[in-house]
Number of protein chains: 2
Amino acid sequence: MNNINILFNLNTDSASKIYKKGTILQRAGDPSSHLYYVKKGLLKSYTIDKKGKEHIFMFAPEGWLMSDIESQEFNKEAVLFFECLEDSDLIKISKEQSTRDDLSKEQYLHMSSLLLRRVGVLQRRIIMLMSASAKERYEHFLETYPELPNRLPQRLIASYLGITPEALSKIRGEMLREK
Amino acid sequence: MNNINILFNLNTDSASKIYKKGTILQRAGDPSSHLYYVKKGLLKSYTIDKKGKEHIFMFAPEGWLMSDIESQEFNKEAVLFFECLEDSDLIKISKEQSTRDDLSKEQYLHMSSLLLRRVGVLQRRIIMLMSASAKERYEHFLETYPELPNRLPQRLIASYLGITPEALSKIRGEMLREK
DNA sequence: CGCATTTCTTAATCTAGATTAATGCACAGC
DNA sequence: GCTGTGCATTAATCTAGATTAAGAAATGCG
């Protein structure tokens, strides 16, 4: 049994299922109802702003949990879209399963540890968005997630960084020339 | 006993102490060692970038917990400064107290709930930074924290929003004229 | 009280990154 | 094998917000 089964009292692999690349698991505006644990594959979560532009909130490769905690926590409809970037093997976890309050001490410890880690990552992201240039954010992304760039189109990396594909392309051009 | 005492097994008010406005509780670069619970008063946490510019990560008014989870979680030196914006009555909580693993189920439940809330708030902040204009972020700030603006200089609000005081002043001017 | 320091505002100029547009490529579907 | 659609790159232009500068208002302090 893997960690996530332990965490949510799931029985072995009952809920694991393969979703095709391009599958949209959740749409903004839907009632936000599930989390997804990625056994294999890659997901993105994103918002679409009022001009129709997509902004990546996060990627979830193997071992990550994809969730829309803002909407769950504030009881509003989903604010994020979830989509498979590759054929993905996922465990779908209902809101009820994830918010049950009859977990064991070990489970709570594990849950707290996951959440603390998440807060730490989000803190860094905010600080980078506020204080670093696009190029610095790109370099930080490459260092932090070295295995992701070769699984992602530039477009999506740019969106994660909060810039346009054109701006990222320019930065990459500069970095090549500098070397 | 208040919630935070319950959460961290603290005995009543032993650790509560008044700190003067302007006191720096933690400096970036120090070993990150404590959290602070705000009984009364107001704190800010911030980074200073390589150009010497300050960027507010968050404000902590009454009832909030100020922490530098990134540095605690990744075991590095503090990345944030903590400073009192008003004379503040604070409970200082050591890393050991906050990470002990012998909490009760109720305590873990409370802790998870706090962390989920925090993740939700940070998610919104990131989405706003990536997808909304300075003016939209300002309006969102006013709606979300209506009691803060009259306790804060514009400068710090601007820093929290990720813009300069000049840009915020311009936005405020526009909003006044529009009304 | 009076002086110094910080805060806020307005305005002129500058710049990182957005927008628009055009070109070449890769590859999916027929 | 062709043809359309999306992706990456480059370049020209535009713009939100930064920077710089200066004056007015507020605040702290001896």
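Listed nucleotides: D:dA18, C:dT10, C:dG17. Nearest to the side chain of B:Glu166: C:dT10. The side chain of A:Pro153 lies closest to D:dA8, out of D:dT9, D:dT20, D:dA8. Closest contact between the side chain of B:Ile163 and the listed nucleotides D:dA18, D:dT9, D:dC7 involves D:dA18. Looking at the side chain of A:Ala134, the nearest of the listed nucleotides C:dC8, D:dA21, C:dG17 is C:dG17.
Atom pair A:Ile171:CD1 and C:dA16:P shows a separation of 11 Å (rounding to whole Å applied). Remark: C1' of D:dG6 and CD of A:Glu54 are 14 Å apart, rounded to the nearest angstrom. D:dA18 atom P lies 10 Å from atom CG of B:Leu168, rounded to whole Å. B:Lys21 places its NZ atom 9 Å from the P atom of D:dC29, with the value rounded to the nearest Å. Rounded to whole Å, the distance from CD on B:Glu174 to C1' on D:dA16 is 11 Å. One can place CZ of B:Arg151 at 19 Å from C1' of D:dT27, the figure rounded to the nearest angstrom. Rounded to an integer number of Å, the gap from CE of B:Met130 to C1' of C:dA18 is 16 Å. One interatomic measurement links the two molecules: NE2 of A:His55 to P of C:dG17, which rounds to 16 Å at whole-angstrom precision.
Residue A:Arg172 has a polar side-chain atom (N or O) positioned under 4.0 Å from OP1 or OP2 of D:dT9. In terms of phosphate contacts, B:Thr164 brings a side-chain nitrogen or oxygen within less than 4.0 Å of OP1 or OP2 of D:dA18.
No side-chain donor from either of B:Gln26 and B:Tyr36 sits under 3.5 Å from a side-chain acceptor of the other. B:Arg172 and B:Tyr138 share a donor-acceptor pair across their side chains, judged by distance under 3.5 Å alone.
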Could you pull out all donor-acceptor pairs under 3.5 Å where a side-chain atom in residues 139-150 of chain A meets a protein atom, sequence neighbours excluded?
unit_1   : atom_1 : unit_2   : atom_2 : d
A:His140 : NE2    : A:Thr144 : OG1    : 3.3
A:Thr144 : OG1    : A:His140 : O      : 2.6

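Salt bridge B:Glu83/B:Arg27: absent, no basic N to carboxylate O contact under 4.0 Å.
The shortest non-hydrogen separation linking B:Val38 to B:Ala60 is CG2-O, 3.6 Å.
When heavy atoms are screened at a 4.0 angstrom cut-off, B:Lys53 is found touching the sugar-phosphate backbone but no base atom.
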